[in-house]
There are 2 protein chains.
Amino acid sequence: MSKAPSPTRIQKKNRAAILEAALEMFSTHGFRGTTVDQIATQAGLSKPNLLYYFPSKEAIFAELMEALLDTWLDPLRALDPDGEPLDEILAYVQRKLQMSRDFPRESRLYANEIVQGAPRLGDTIATDLKALVEEKSALLENWMTAGRINRTHPKHLLFSIWSLTQHYADFDVQVRTLMGDEDPYDAAPDYLETLYRRMLTPRT
Amino acid sequence: MSKAPSPTRIQKKNRAAILEAALEMFSTHGFRGTTVDQIATQAGLSKPNLLYYFPSKEAIFAELMEALLDTWLDPLRALDPDGEPLDEILAYVQRKLQMSRDFPRESRLYANEIVQGAPRLGDTIATDLKALVEEKSALLENWMTAGRINRTHPKHLLFSIWSLTQHYADFDVQVRTLMGDEDPYDAAPDYLETLYRRMLTPRT
DNA sequence: CTATGATTTGACCAACTGGTAAAACTCACG
DNA sequence: CGTGAGTTTTACCAGTTGGTCAAATCATAG
């Protein structure tokens, strides 16, 4: 069996600092646009020192991506089959919007990766994400068939939720430039709630 | 006055080939992720030969961006104050969706730039785009005040249109992976039309 | 054909980048 | 305090990259 060497206090601190710095840099400059030196400096280390903690630039990115995906799908997983459909969906939208506000860098890291064709992520999308999406769109389909929400295309519904919420993180610069003083997140929750309520409330 | 040397046949052909190749590479690998050699090869030229037509990698990118922005805003410019509000908006949505289908690389190029903080575009957004957005959101505001469409936040309305339509180009890999055989653009027009119709049709 | 400007190429370079090796230092623990 | 593992630094390297330059080649008007 492989012995897991328990990390020292310094290891824990430095690995965390590196991942934090890497998230900052990768999310704004992309993988190729980020240098190991930049990450090291941002983390307060020298380049060889950083490479003492991670074997390569790729390894840092990979670890970041893995952690990201795990938390990224949580809001969707939480969509409860036993809840009230409209409430469940609206709550999902708000959770997703909250993630854009709280973890914009993670959102941009993901966006960067997908826009460039998901070169380091393709498999995970095709398996984990795909499975989850199939499960949840079947659930949406059932709710529609039962007449509990308006009929529409379940997958496009999911895409629209992702796109609308992540837009506030991914296009943050543009959104803020165009909104001036007004904080985008002041009106966004209301806007999205209204949108999906009108979209999905069953016609009586 | 500066004399504009009229481009030869070869110049026209090669400059076009370079811009086409650069669009392909920049949109999938980003600025830093693309090498001049890659662009040259893709365009069927040698690297020094490419640099005979453009002074630098930056210059290629800049020319691409300028051309992009011009066409990118056309659909919004076409929003007609004298048209029937709901029809105008729905038509705008479809035009934008059509652009995602026809020019996905341009959409991804733009997305790449914005996600990374618009380092080479900041000014244009703050001036040209901002002016256009102010004008059109005032128009939307008027339509709402006149009760011709449901009241909502005009800028968030615009953001939502951009995000929903561009998502199909920017996240193309993810969308197609999750939809399997089904072509996303089969159902997308209908989905978006329904969404905005329900969202905006005035309550009688 | 030929001269002249337009185009293309091969050789090259300096800066940068990811990564390595080994020496030097630090720190916890007996 | 001493000692060995854990940590950090200095020096370095090989490959890549954006870009230059002068020579070679090509196209075409006269």
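Residue numbers start from 1 in every chain, and the chains themselves are labelled A, B, ... in the order their sequence lines are given, proteins ahead of strands.
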Are the side chain of Asn150(B) and the backbone of Thr201(B) linked by a donor-acceptor contact shorter than 3.5 Å?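 Yes: the side chain of Asn150(B) pairs with the backbone of Thr201(B).
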Mind listing the residues from residues 13-40 of chain A sitting with a heavy atom below 4.0 Å of DNA chain C? Number order is fine.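 Contacts with DNA chain C under 4.0 Å: Thr34(A), Thr35(A), Val36(A).
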Would you jot down, in residue-number order, the residues of residues 46-53 of chain A having a non-hydrogen atom under 4.0 Å from DNA chain C?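 Hits under 4.0 Å, by residue number: Lys47(A), Pro48(A), Leu51(A).
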Value in whole Å for how far the C1' atom of dA6(C) lies from NZ of Lys12(B):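 Answer to the nearest Å: 16 Å.
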Residues in salt bridge (charged side-chain N to carboxylate O under 4.0 Å, His left out) with Glu182(A), at least two apart?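 Result, salt bridge (charged side-chain N to carboxylate O under 4.0 Å, His left out) vs Glu182(A): none returned.
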Who pairs with Arg9(A) by salt bridge (charged side-chain N to carboxylate O under 4.0 Å, His left out), at least two apart in sequence or on another chain?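 Arg9(A) satisfies salt bridge (charged side-chain N to carboxylate O under 4.0 Å, His left out) with no residue once adjacent residues are dropped.
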Considering residues at least two apart in sequence or located in another chain, which fulfil the side-chain hydrogen bond (donor to acceptor under 3.5 Å, both in side chains) criterion with Thr35(B)?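 Partners of Thr35(B) under the side-chain hydrogen bond (donor to acceptor under 3.5 Å, both in side chains) test: none.
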Which nucleotide span of DNA chain D, 5' end to 3' end, has atoms closer than 4.0 Å to non-hydrogen atoms of chain A?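 The contact span of chain A on DNA chain D goes from dG6(D) to dT17(D).
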N/O donor to acceptor pairs below 3.5 angstrom from side-chain atoms of residues 118-129 of chain B, sequence neighbours left out:
residue	atom	partner	partner atom	Å
Arg120(B)	NH1	Glu58(B)	OE2	3.4
Thr127(B)	OG1	Asp123(B)	O	3.1
Thr127(B)	OG1	Thr124(B)	O	3.4

Under the side-chain contact (heavy atoms from CB on, under 4.5 Å) test, residues paired with Tyr52(A) that sit two or more places apart: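 With sequence neighbours excluded, Tyr52(A) shows a side-chain contact (heavy atoms from CB on, under 4.5 Å) to Asn49(A), given in chain and number order.
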For Ala188(B), all residues meeting side-chain contact (heavy atoms from CB on, under 4.5 Å), sequence neighbours excluded: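 Ala188(B): side-chain contact (heavy atoms from CB on, under 4.5 Å) contacts with His156(A), Leu97(B), Tyr168(B).
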Of all pairs that satisfy salt bridge (Lys or Arg N to Asp or Glu O under 4.0 Å), the ones with a partner from residues 23-40 of chain B, not counting sequence neighbours: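 Checked against salt bridge (Lys or Arg N to Asp or Glu O under 4.0 Å) - neighbours excluded - the pairs reaching residues 23-40 of chain B are Glu24(B)-Arg105(B).
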Which residue pairs pass the salt bridge (Lys or Arg N to Asp or Glu O under 4.0 Å) test when at least one of the two sits in residues 184-194 of chain B, sequence neighbours left out?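 Every pair satisfying salt bridge (Lys or Arg N to Asp or Glu O under 4.0 Å) with a residue in residues 184-194 of chain B: Glu193(B)-Arg197(B).
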Find every protein N or O atom lying less than 3.5 Å from an N or O atom of nucleotides 26-30 of chain C, and list the pairs.
residue	atom	partner	partner atom	Å
dA28(C)	OP1	Arg9(A)	NH2	2.9

